[in-house]
Amino acid sequence: MPLLLPLLVATGLFTAGLYGVLARRNAVLVLMGVELMLNAANLMLVAFGAWLADTLLAGQVLTLFVITVAAAEVGLGLAIVLMVYRQRRSIALDEMTDLHESRTAGLS
Amino acid sequence: MSAVLVVLLPALPFLAAVLALSVGRAAPRLVAPTVITGTALAWLAALGLLAGDISSGGANVSVAGPVVPTGGPRLGIDLHLDGLAAVVSFMVTTVALAVQVYSTGYLRHDGHARPGPRYPSYAALVAVFTAAMLLVVVADDLFVLIVGWEVMGACSYFLIGHHWEEEGARAAAVKAFVMTRIGDVGLLFGVFALGVGAGSFGIRDVTAAVLSGRMAASTLTAGGLLLLLGVVGKSAQFPLHSWLPDAMAGPTPVSALIHAATMVAAGVYLVARMDEVFLASSTTLVALALVAAITMLGAALAALAQPDLKRVLAWSTVSQLAYMLAALAAGSYVAAGFHLLTHAAFKALLFLCAGAVAHTVGSTLLADMGGLRRRMPLTASVMAVGLLALAGVPPLSGGFSKEAVLGAVEEAALGHSPLPAWAGWVLLLSALATVAVTAAYTTRAWLLAFEGPEAASRAASHGVPVYPPTDPPASMAGPMLLLAVPAALLGLAGLSGSWLPSWLGRGGPGETGVFAAAVEHTLSFGWVTTVASLLLVAVGAGGTFLAWRSAGRTDPALHLGRARALLTEGFRVDEVYQVTVVAAVQALRAVPAWVDRDVIDVYVQGSARTATALGRVLRVSQLGQVQVYIGMALAGATLVGLAAVVAR
Amino acid sequence: MSVLDLLLRLVLLLACFLVLPLVVGQIEHKAMAHMQSRLGPMYAGGFHGWAQLVADGVKFAQKEDVLPAAADPWVFRLAPALALLPYLVVLALIPVGAGQAVVSADVGIFLVLAVMGIGIIGTVMAGWASANKFSVLGALRAAAQLLSYELPLVLAAASVAMAAGTLSLPGIVEAWRPWWLLWQLPGALIFLVAGLAELSRSPFDMPVAESEIIFGAYTEYAGLRFALFLLAEYAGIVVLGALTTVLFLGGWKWPFLVGGLGWLWTLVKTLAVAFLVIWLRVSLPRLREDQLQRLAWAWLVPLALVQLMITGVVRVMG
Amino acid sequence: MNAAVTVVFALLGVLAVGSALLVVTTRQVVHAALWLVVALGAVAGCYLLLRAEFVAWVQVLVYVGAVVVLLLFALMLTKAPIGVSEDLDAGLAQRVVAAMVALATGALLVTVLVDGFSGEVIDQGATGGAPAIGASVFRSWVLPFEVLSVLLLAALVGAIVLSRRDVPGAGAADSVAGGR
């Protein structure tokens with residue numbers, strides 16, 4: 001199998017995930033985009049691990065770690081999303097702009 | 001055995017200081033025993049070395065340490081102890097021990113059982129200072145010597161600034177540090193010149209190179225003059241002398257140890273140790289003689305007019321150090337060493353007495369004293385011993401050593417030494433004049449402090465509780481009495497013309513050399529100078545006494561008229577510095593100020609203004625929408641990656 | 001293995017997958033009936049109504065395939081298949097005798113647990129796509145239940161895997177010894193309880209609590225699709241029984257009759273566990289939602305961790 | 001590795017990328033999650049073909065079994081409607097910019113990867129069976145493993161604190177329909 005094949009698949013996943021992160025309003029959908037990007041990274045790790053015939057299995061182990069981190073990230077992310085929903089009845093990202101500087105306030 | 005003692009000599013006080021500092025906070029009680037024990041052990045080591053020196057007629061102990069790879073001249077961590085070093089180290093440890101014991105009483109505040117909170121650091125600094133001085137004494141390498149030399153300077157800075165809450169103490173500390181530093185720069189370059197010239201930084205290597213004539217005359221002269229600059233700074237000689245009177249802002253025991261007996265003597269010691277270097281170049285020798293001649297008379301005159309007892313002693317120290325340098329210039333390091341020893345004894349004694357007076361009177365101004373002879377009989381008697389020794393009255397120590405110096409200078413004036421005869425005459429006349437002035441100011445100090453009416457306004461003027469002055473406690477009186485013995489009797493060592501030379505001998509083949517015949521290795525007393533000086537003492541003392549009597553037992557210095565103010569301010573040398581050096585520096589300081597404000601600050605403030613302006617622009621992009629940020633970041637990262645791809 | 005062999009195994013698997021749930025369902029009918037002092041179906045097919053469930057199946061097939069107007073058609077239709085499929089995969093991995101599994105996998109137990117987790121997506125899809133409040137509630141309950149009980153389930157299985165030193169299902173059976181019945185008893189109980197909860201079987205049947213939310217996620221289903229959900233439930237019982245057998249009860253091992261007839265013992269043990277499941281349904285009342293979560297987090301997870309620790313200690317000491 | 005594997009991998013890859021595109025473009029929010037299941041499953045298949053068996057099943061167990069269920073859970077708690085929602089995507093301008101950034105990133109990646117690795121061939125994947133992975137994790141990677149366990153614990157605590165309502169100052173007063 002050419003190494004390029006899994007790499008291109010991963011690139012496709014990454015590009016799609018990136019678009020999702022950038023273009024979606026719904027926070028849960030943005031999280032899905034993040035998951036896609038993480039999966040792209042994982043696929044690359046595994047593919048390179050297979051290509052290098054790594055006896056330490058570094059690629060696969062790192063993939064496991066990334067999956068673990070992703071699970072933690074989703075758990076926390078969704079907790080935050082639910083919190084936001086409870087407060088505002090909406091999880092549209094472009095409405096969560098409370099932390100930006102107001103245009104009328106001066107530098108202080 | 002002796003080698004071990006030589007190493008222990010500086011190591012013991014240093015270890016004591018480290019210990020004292022480490023336990024100082026937790027157990028202040030242990031500080032005094034620690035430092036006194038360390039100093040006492042060093043004193044014992046010095047005593048052992050001195051005994052060996054006296055019994056064998058000249059010590060000669062070398063300790064070779066590791067050699068530092070320099071790629072140039074040899075630099076070894078070596079120690080060497082000769083007769084001179086043995087005697088001086090014994091003197092240093094004796095004074096240091098006395099000062100350490102004395103300090104436990106001096107730094108005790110009224111009504112307190114223990115010394116104050118600054119005592120641990122103070123005691124540790126004094127111990128470090130002792131170690132550094134001993135390192136200078138036993139150093140066999142110029143860089144080892146410089147290490148001790150600089151550590152001494154630092155300790156001196158801290159100790160002068162002991163009362164750092166006082167403006168004067170801080171200023172005096174800085175002044176002492178800066179002025180000695182000027183000299184130290186000279187010393188450092190002198191060491192470089194001599195070391196490179198001799199191919200080694202070892203002191204004996206340098207002197208050997210000088211004796212064998214291997215060193216170029218120009219190198220020798222340059223190195224000697226530069227060394228002389230260091231000596232002038234450290235020993236407070238003209239023109240770098242004015243820090244020493246100001247340094248009296250420090251505690252009196254510190255003045256006794258550092259600014260009378262040891263640190264200022266380091267310069268003299270260096271010249272004595274390396275006198276081959278100075279004797280080999282008549283330029284250096286003349287410079288040394290002129291510095292000594294100017295300093296001794298000027299400082300003595302300045303001492304005559306001081307209103308402050310400690311400043312009198314300080315100026316007299318400057319003057320007496322010049323005596324030693326005069327002997328060295330005349331080619332007699334034995335006479336110089338003799339005076340160094342006696343001076344250390346009686347000057348330390350005088351300072352301790354002055355401290356005792358100040359401690360009980362609450363002031364060092366002569367105007368606040370008067371009539372103390374009846375109040376403090378013990379202090380008065382030992383003070384009398386010290387003052388008489390200082391005035392050079394036989395059979396007290398100062399009388400003999402001063403005669404030795406005068407004898408050496410007379411030999412020089414008669415052309416029996418490498419010093420040109422004219423310079424010898426200048427030196428001799430100055431020295432004789434100084435004898436009279438010295439007698440005058442010692443008499444004045446005695447009369448003002450211990451005779452006459454008691455100062456009635458003492459308490460009112462200084463807000464100190466009114467209680468009659470008394471003799472100091474045992475911890476202070478003990479060291480005073482201890483020092484009174486050598487101050488009185490040390491001169492007897494000069495009775496035999498051969499004892500001191502053999503004790504101070506180098507003990508090695510260095511004795512023989514091209515200058516061996518020319519250099520005085522014995523003490524000589526000339527009848528002419530002896531009689532002349534005794535007469536001059538009588539004139540100076542008697543004149544002062546008469547002036548005092550005639551002026552209604554007031555300050556005889558009042559007779560000096562207009563000159564009094566000039567002398568009080570030390571010939572206004574500081575003002576000269578103020579209008580020349582200081583003014584020049586302050587004028588120059590406008591340049592970096594301008595650079596800082598109009599060049600550097602422009603960039604700094606410009607960057608701030610740019611950042612602010614950019615912030616105003618970039619604020620538009622801060623929409624608070626996280627996706628926009630991510631998108632921008634990724635777009636930027638992509639651009640960077642793109643640049644990397646394209647650039648390749 | 002040849003293609004023919006594989007084909008034969010698949011046919012056998014399919015047969016088991018279709019027959020065994022029916023058997024369990026029939027047992028449930030009759031056992032419940034007798035426990036409640038009634039007869040249950042008695043007429044279909046003749047002897048004690050053995051063909052009742054077949055007749056039910058025919059009835060389901062004849063019913064109209066109702067699609068709610070507001071439903072999401074694709075998801076609605078796909079859900080039953082997704083709920084059923086994982087159990088088929090799991091069944092294929094169960095070794096019925098020494099070397100007698102349709103597919104053998106190196107990481108068998110892990111694969112089983114992974115695949116079983118997918119089934120819940122079918123239920124959630126069904127609940128959401130039905131466009132019915134009760135269905136969504138049921139799906140949410142089912143999802144919450146699954147997420148909570150997945151942890152003790154995996155931990156209990158991990159205990160056995162650690163004891164056997166392998167993740168392979170046949171390997172676990174090979175390594176099994178009778179005294180493990182005692183050693184792994186807490187793990188077995190935890191596994192069974194958590195499995196029940198994953199299957200939404202009583203007393204953990206809040207997701208389908210008919211008295212509260214009608215039939216939860218399956219409310220809007222009718223006809224064949226509903227039958228598929230029912231089939232999934234009974235297949236789940238079979239799978240749970242088979243897994244408990246393989247992991248904790250020694251699989252095909254027995255003091256006698258081992259040679260060649262191991263599959264019989266597997267079957268007997270599986271049906272015994274299935275009977276236990278039915279028995280529990282009849283005996284115990286339904287838990288409340290908060291009681292369910294408390295049971296999972298306050299009892300099962302700590303217990304499973306203790307079991308894991310005991311197993312570890314014994315393994316290291318032994 | 002033979003040609004059949006390559007072909008299957010290619011098909012799985014197309015499936016994965018295609019469903020990923022549907023995840024990010026569909027206008028029905030639950031469909032996005034379901035397409036995500038397909039994409040993640042296809043990636044798990046890719047792992048299998050790369051002989052990373054253990055990773056593949058972990059992918060199924062954690063991603064499909066847990067992460068997606070959590071996502072669906074969250075979607076339902078936030079009242080995901082059936083049918084097309086118009087407010088899932090940002091405005092057209094943002095979408096265009098997003099597409100440009102994504103495409104540029106993708107193009108860059110493709111350029112770099114093709115430039116660097118075209119012609120390289122995976123002969124034999126390192127077999128990622130459970131024993132090998134276990135040995136690697138607990139010998140070479142035990143420290144990161146422990147750190148990760150702490151991370152998971154922290155995430156657990158954080159999620160609980162965020163979602164509890166009896167913590168002072170946390171959460172809003174109103175409640176949401178849900179099965180907890």
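Here is the naming used below: chain letters follow the sequence lines, and residue numbers restart at 1 for every chain. Every heavy atom of this structure was used, including side-chain atoms; hydrogens, water molecules and symmetry mates were not. Quick caveat: nothing in here was measured; it's all calculated off a predicted structure.
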field: Shortest non-hydrogen separation from A/Pro6 to D/Ile122 and the atoms involved
entry: CG-CD1, 4.2 Å
- prompt: Checking heavy atoms, do the side chain of A/Ala92, its backbone, both or neither come under 4.5 Å from chain D?
  reply: neither
message: Counting heavy-atom pairs closer than 4.5 Å to chain D, which one of A/Val74, A/Val21, A/Val30 comes out on top?
response: A/Val74
query: When rounded to the nearest 0.5 angstrom, what is the spacing between CG in D/Leu70 and CG in A/Leu78?
result: 5.5 Å
Donor-acceptor pairs under 3.5 angstrom involving side-chain atoms of residues 38-47 of chain D: please list them, not counting sequence neighbours.
none

statement: Honestly, the part of A/Thr63 sitting under 4.5 Å from a heavy atom of chain D is side chain
Using atom types as modelled, flag every donor-acceptor pair under 3.5 Å from a side chain in residues 132-149 of chain D to any protein atom, sequence neighbours excluded.
unit_1	atom_1	unit_2	atom_2	d
D/Ser136	OG	A/Leu56	O	2.3
D/Ser149	OG	D/Glu146	O	2.4

field: Nearest non-hydrogen partners of D/Ala10 and A/Leu5, listed with the distance
entry: N-CD2, 4.0 Å
Polar contact flag, side-chain donor to acceptor under 3.5 angstrom, A/Asn39-D/Gln59: yes
query: Is there side-chain contact between D/Val29 and A/Val28, with heavy atoms separated by less than 4.5 Å?
result: no
- prompt: Which heavy-atom pair separates D/Leu152 from A/Ala72 by the least distance, and what is that distance?
  reply: CD2-CB, 3.7 Å
- request: Mark yes or no for whether A/Arg24, through its side chain, and D/Val24, through its backbone, hold a donor-acceptor pair below 3.5 Å.
  value: yes
query: What pair of heavy atoms forms the shortest contact from D/Ala20 to A/Leu13, and how long is it?
result: CB-CD2, 3.6 Å
query: With only heavy atoms counted, which part of D/Thr25 is less than 4.5 Å from chain A, the side chain, the backbone, both or neither?
result: both
field: chain A contact via D/Val23 - which portion, at a heavy-atom distance below 4.5 Å
entry: both
statement: Residues A/Val9 and D/Gly13: closest non-hydrogen pair is CG2-CA, 3.6 Å
task: With the side chain counted from C-beta on, respond yes when D/Tyr63 and A/Leu38 share a heavy-atom pair under 4.5 Å apart, and no when they do not.
output: yes
- prompt: So what's closer than 4.5 Å to chain A heavy atoms on D/Leu71: side chain, backbone, both or neither?
  reply: both
message: If you define the side chain from C-beta out and look only at heavy atoms, does anything of A/Leu22 sit under 4.5 Å from D/Val101?
response: yes
query: Given side chains that start at C-beta, do those of A/Met44 and D/Leu113 come closer than 4.5 Å, heavy atoms only?
result: yes
- prompt: What part of D/Ala107 gets closer than 4.5 Å to chain A, counting heavy atoms only: side chain, backbone, both or neither?
  reply: neither
Residue pair D/Val67 / A/Ile67, side-chain heavy-atom distance below 4.5 Å: no
- prompt: Which atom pair, heavy atoms only, marks the closest approach of A/Val46 to D/Ala52?
  reply: CG1-CB, 3.8 Å
Side chain to side chain contact (heavy atoms under 4.5 Å, CB included) evaluation trace for D/Phe54 with A/Leu64: CA-CA 9 Å; D/Phe54 191 79; A/Leu64 288 181; 3.9 Å; yes
- prompt: Do the non-hydrogen side-chain atoms of A/Trp51 and D/Glu120 ever get within less than 4.5 Å of each other?
  reply: yes
query: Given a strict heavy-atom distance threshold of 4.5 Å, which part of A/Phe14 is in contact with chain D: side chain, backbone, both, or neither?
result: side chain
message: Only pairs of heavy atoms separated by less than 4.5 Å count here; which of A/Ala79, A/Ala10, A/Ala16 has the most with chain D?
response: A/Ala16
query: Any idea which of A/Ala58, A/Gly59, A/Gly17, A/Gly77 has the most non-hydrogen atom pairs under 4.5 angstrom with chain D?
result: A/Ala58
Which portion of D/Val96 sits near chain A, non-hydrogen atoms under 4.5 angstrom: neither
Side chain, backbone, both or neither of D/Thr105 within contact of chain A (heavy atoms, under 4.5 Å): side chain
- prompt: Which distance, rounded to the nearest 0.5 Å, do you find between the CE of A/Met32 and the CG of D/Leu75?
  reply: 4.5 Å
field: Residue among A/Leu52, A/Leu8, A/Asn42, A/Leu62 with most heavy-atom pairs under 4.5 Å to chain D
entry: A/Asn42
query: How about A/Leu7 and D/Phe117: do any of their side-chain heavy atoms sit closer than 4.5 Å?
result: yes
message: Once rounded to the nearest 0.5 Å, what's the spacing between atom OH of A/Tyr85 and atom CG of D/Leu77?
response: 9.0 Å
